[in-house]
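Below is one structure, written out as structure tokens; comments come after it.
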Amino acid sequence: LSGGIPGRGSMVAWVNLNRLPSTSGVFFYIAGESQVSNDFDVQFRNDDRLYFYTGAGENTSYLPDPGTLVGRGNQLAVTYDSAAGFRNIYWNGVLVASSLGGINLAAKSSIFTIGYTPVFPGRDFDGMIDEVAVFDYALSKGQVSQLYAPAVPEPSTSALLGAGASLLCLAGKWRSRSAHGPHREG
């Protein structure tokens, strides 16, 4: 993917950090098209806040509970529309931050990367990134909720036994279902 984000778009990803950016002192780049003065990217900065950039520093940010970031999967979704003038961050299906105005109107044109950016070296993600999706339109609140809704918690052993699954052996952690069947983590 390179370019083609036409002044509006969305990204969705699952993230699971190995450590907090604040303890490492560096930024953790999740995904996007980094470009000087014309970004479309999302990253954790070393204040543990999630930042969504859509231009020359224009951003919306959100501070998730740091206790939920390390060793636990969370879904983020970011949406923007320069014509309508909004930039949103969703965390686990819920709108948690929004900005109006100051949105770069230019179409994005650089290469899309996951886990690092060649434009700003040293911002490598420390953890796992999964199920990254990019859209050339701003997802609605309902669409973001639908993308998160299939997530199911890891079943506990007692719940499995209580359901009559005493012979069932799971290797790894099951986290979500998609149109392509269950997703296995680990």
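Any value given below was found using the heavy atoms of this structure, including those in side chains, with hydrogens, waters and symmetry copies removed.
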- List the steps, then state whether side-chain contact (heavy atoms from CB on, under 4.5 Å) holds for T60 with N88. CA-CA 7 Å; T60 301; N88 297 326; over 6 Å; no

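The OH atom of Y80 sits 10.5 Å away from atom CD of E58, with the distance rounded to the nearest 0.5 Å. To the nearest 0.5 Å, atoms OH (Y53) and OG (S34) are separated by 10.0 Å. Distance CE/M11 to CZ/F135: 11.5 Å, rounded to 0.5 Å. One distance of note links CD of E131 with CG of L147; it measures 10.0 Å at 0.5 Å rounding. The CZ atom of F86 lies 11.5 Å from the OG atom of S99; values are rounded to the nearest 0.5 Å. One distance of note links CZ of F125 with CG of N18; it measures 8.0 Å at 0.5 Å rounding.
Annotation: cation-pi pair R8/Y137 absent, no NZ/CZ under 6.0 Å from the ring centroid and within 45° of its normal.
In this structure, the side chains of Y29 and D41 come closer than 4.5 Å at one or more pairs of heavy atoms. Proximity of L50 to W91: side-chain heavy atoms (C-beta onward) are separated by under 4.5 Å at one or more points. Inter-residue side-chain proximity for D47 and P21 is flagged as unmet; no heavy-atom pair is nearer than 4.5 Å. The shortest side-chain heavy-atom distance between F28 and R19 falls under the 4.5 Å cut-off. A heavy-atom distance below 4.5 Å is not found between the side chains of W14 and V132. Annotation: side chain of V70 is in contact with side chain of L20 (closest heavy-atom distance under 4.5 Å). In this structure, V12 and L76 have side chains that are not in contact, with every pair of non-hydrogen atoms separated by 4.5 Å or more. Between F27 and Y51, every side-chain heavy-atom pair lies at or beyond the 4.5 Å cut-off.
Judged by distance alone, the side chain of N74 and the main-chain N or O of T68 form a donor-acceptor pair under 3.5 Å. Remark: side-chain polar atoms of S82 are paired, donor with acceptor, to backbone N or O of G7 under 3.5 angstrom. In terms of modelled atom types and a separation under 3.5 Å, the side chain of N16 and the main chain of G71 share a donor-acceptor contact. A donor-acceptor pair under 3.5 Å is formed between the side chain of N92 and the backbone N or O of Q75.
In this model, a donor atom of one side chain and an acceptor atom of the other lie less than 3.5 Å apart for D48 and S22. Side-chain N/O atoms of R123 and T117 include no donor and acceptor closer than 3.5 Å. No side-chain donor from either of S10 and T79 sits under 3.5 Å from a side-chain acceptor of the other.
In plain terms, the two heavy atoms of A97 and S61 that are nearest each other are CB-O, 3.4 Å. When all heavy atoms of D81 and A138 are compared, the closest pair comes out as CB-CB, 4.3 Å. When every heavy atom of G93 is checked against every heavy atom of S145, the shortest pair comes out as O-OG, 3.6 Å.
Residues F44 and I89 share a single hydrophobic cluster, defined by chaining ILVMFWY side chains whose heavy atoms lie under 4.5 Å apart. When hydrophobic clusters are built by joining Ile, Leu, Val, Met, Phe, Trp and Tyr residues whose side-chain heavy atoms come closer than 4.5 Å, directly or via intermediates, Y62 is grouped together with V78. Hydrophobic clustering keeps Y116 apart from V42 (ILVMFWY residues linked when any side-chain heavy atoms are closer than 4.5 Å, directly or through intermediates). In this structure, V94 is a member of the same hydrophobic cluster as V15, with clusters built from ILVMFWY side-chain heavy atoms closer than 4.5 Å. A continuous path of Ile, Leu, Val, Met, Phe, Trp and Tyr side chains, each step under 4.5 Å between heavy atoms, connects F52 with I129, placing both in one hydrophobic cluster.
Y90 and Y148 have their aromatic ring centers separated by at least 6.0 angstrom.
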